[in-house]
Amino acid sequence: MIQKEQVRQKGFIDRAIPNVDIISEIGRMKKEKNAVILGHYYIDSRLQDIADFVGDSLALAQQAAKTDAEIILFLGVHFMAETAKILSPQKKVLLPDFNAGCSLADSAPADEFEKFVAAHPDHLVISYVNTTAAVKALTDIVCTSSNAVQIVESLPKYQKIIFGPDRNLGRYIQSLTGRDMLIWNGACHVHQQFDVNEIVRLKLEYPQAKVLAHPECNQTVLILSDYIGATSGILKYSIQDSAKQYIVATESGILHQMKKASPDKIFIPAPPEKINDVSCACNDCIYMKLNTIEKVYNTLKYEYPEVELDESLRLKAFRSINKMLEISAKLGL
Ligand code: 13P
Ligand code: SF4
């Protein structure tokens with residue numbers, strides 16, 4: 001059996017796997033080790049197809065809290081795997097590549113966020129799940145994009161709120177609820193770059209198409225959208241709605257489930273902003289796409305790399321995530 005130190009060396013986790021049917025080997029190891037694979041809608045389509053459960057960040061947290069598997073192999077980004085570990089400390093939580101971070105989580109360093117919170121002691125702190133455990137430990141209630149509005153509305157009207165780290169989601173919630181909110185100035189590099197002019201150009205090309213957007217997009221994009229919601233909401237809307245064409249302003253991975261559910265419909269990824277007339281085609285989240293089938297195989301085989309957390313930090317972060325899960329369960333979300 002290979003030792004952890006050897007795995008750590010020279011990108012062992014990423015190495016090619018000769019003469020092995022990777023998919024069936026992953027299936028065999030999953031059974032043998034009582035492991036479950038949880039995947040976010042933004043990962044590569046091939047990985048979505050081998051996951052036991054694919055969902056948005058709320059559904060993934062709910063799955064992580066209730067699974068009876070001994071190992072959770074998380075196909076997403078670091079804050080998602082960390083959330084799974086916070087909720088299920090007795091389980092081994094594996095994340096194939098620890099470089100799978102999140103630009104939005106990075107936009108709220110815990111030490112700066114702590115000062116901001118300390119400067120406004122009369123505010124209740126709501127943080128998006130796209131944050132580190134250290135920020136969650138400074139938070140009263142965590143939320144995701146599929147329950148943020150309901151969580152804010154569950155609070156008394158007079159309650160002042162700090163919302164972080166996504167400024168676009170924060171402004172969007174504020175516009176719907178009219179609440180007194182101080183909003184942290186963070187953003188996601190993928191959603192931030194969808195360009196309203198490019199979407200208008202596409203609308204002229206496909207006049208019947210509806211625009212579906214994630215609330216992390218800029219306000220100008222949200223204003224011209226027919227539907228705004230979390231990844232799960234976007235998928236559900238595209239299934240239930242009668243239109244045949246959609247312009248999708250979120251990470252491109254979600255298109256896989258949309259096409260699978262509605263093969264007769266046309267889904268057009270919203271183009272990012274053009275620089276010098278060239279589009280960067282960066283509606284892929286570079287972090288999500290660090291997950292590969294080879295890494296999944298090696299991670300499951302060597303049970304490495306594993307998410308580890310200081311217990312006192314875990315307990316502090318647990319409170320705010322658990323509060324979100326309690327409110328969501330009460331509201332049937
Ligand atoms: P969801 O909560 O919609 O799954 O979104 C997560 C995310 O990272 C958005 O960029
Ligand atoms: Fe983070 Fe943006 Fe990637 Fe979502 S799409 S994981 S918010 S960097």
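The first residue of the sequence shown is numbered 1, and numbering continues consecutively from there. Whatever order the structure lists ligands and atoms in, that order sets their numbers, starting from 1.
Less than 4.0 angstrom separates some heavy atom of Ala230 from each of these atoms of ligand 1: 3 (O). Interface atoms of ligand 1 facing Thr231, defined by a heavy-atom separation under 4.0 Å, are 1 (P), 3 (O), 4 (O). Taking a cut-off of under 4.0 Å to the non-hydrogen atoms of Glu216, the atoms of ligand 2 that pass are 7 (S). Set against the non-hydrogen atoms of Glu216, the atoms of ligand 1 under 4.0 Å away are 7 (C), 9 (C), 10 (O). Counting atoms of ligand 2 from 1 in the listed order, those under 4.0 Å from a heavy atom of His189 are 8 (S).
When heavy-atom distances to ligand 1 are checked against a 4.0 Å cut-off, Tyr42 comes that close only through its side chain, counted from C-beta outward.
Ranking protein heavy atoms by distance to atom 1 (Fe) of ligand 2, first place goes to Cys102 SG, 2.4 Å. Closest to atom 2 (Fe) of ligand 2 among all protein heavy atoms lies Cys188 SG, 2.4 Å. Closest to atom 7 (S) of ligand 2 among all protein heavy atoms lies Asn130 ND2, 3.2 Å. Here the heavy atom of the protein found nearest to atom 4 (O) of ligand 1 is His40 NE2, 2.7 Å. Looking from atom 8 (O) of ligand 1 to the surrounding protein, the closest heavy atom is Asn130 ND2, 3.2 Å. Given atom 8 (S) of ligand 2, the protein heavy atom at minimum distance is Ser103 OG, 3.3 Å. When hydrogens are left out, the protein atom nearest atom 3 (Fe) of ligand 2 is Cys285 SG, 2.4 Å; that is the closest non-hydrogen contact.
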Inset, instruction - Evaluate side chain to side chain donor-acceptor pair (under 3.5 Å) for Thr139 paired with Ser127, printing each intermediate quantity in order. - result: CA-CA 6 Å; Thr139 296; Ser127 293; 2.7 Å; yes

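Ligand 2 has no atom lying under 4.0 Å from any heavy atom of His40.
Below 3.5 Å of separation, one finds no N or O of Asp56 facing any N or O of ligand 1. In terms of polar-atom proximity, defined here as any N/O pair under 3.5 Å, Ser145 does make such a contact with ligand 1. In terms of polar-atom proximity, Ser57 is counted as a contact of ligand 1, with an N or O under 3.5 Å from an N or O of the ligand.
Aromatic ring centres of His189 and Tyr287 lie closer together than 6.0 Å.
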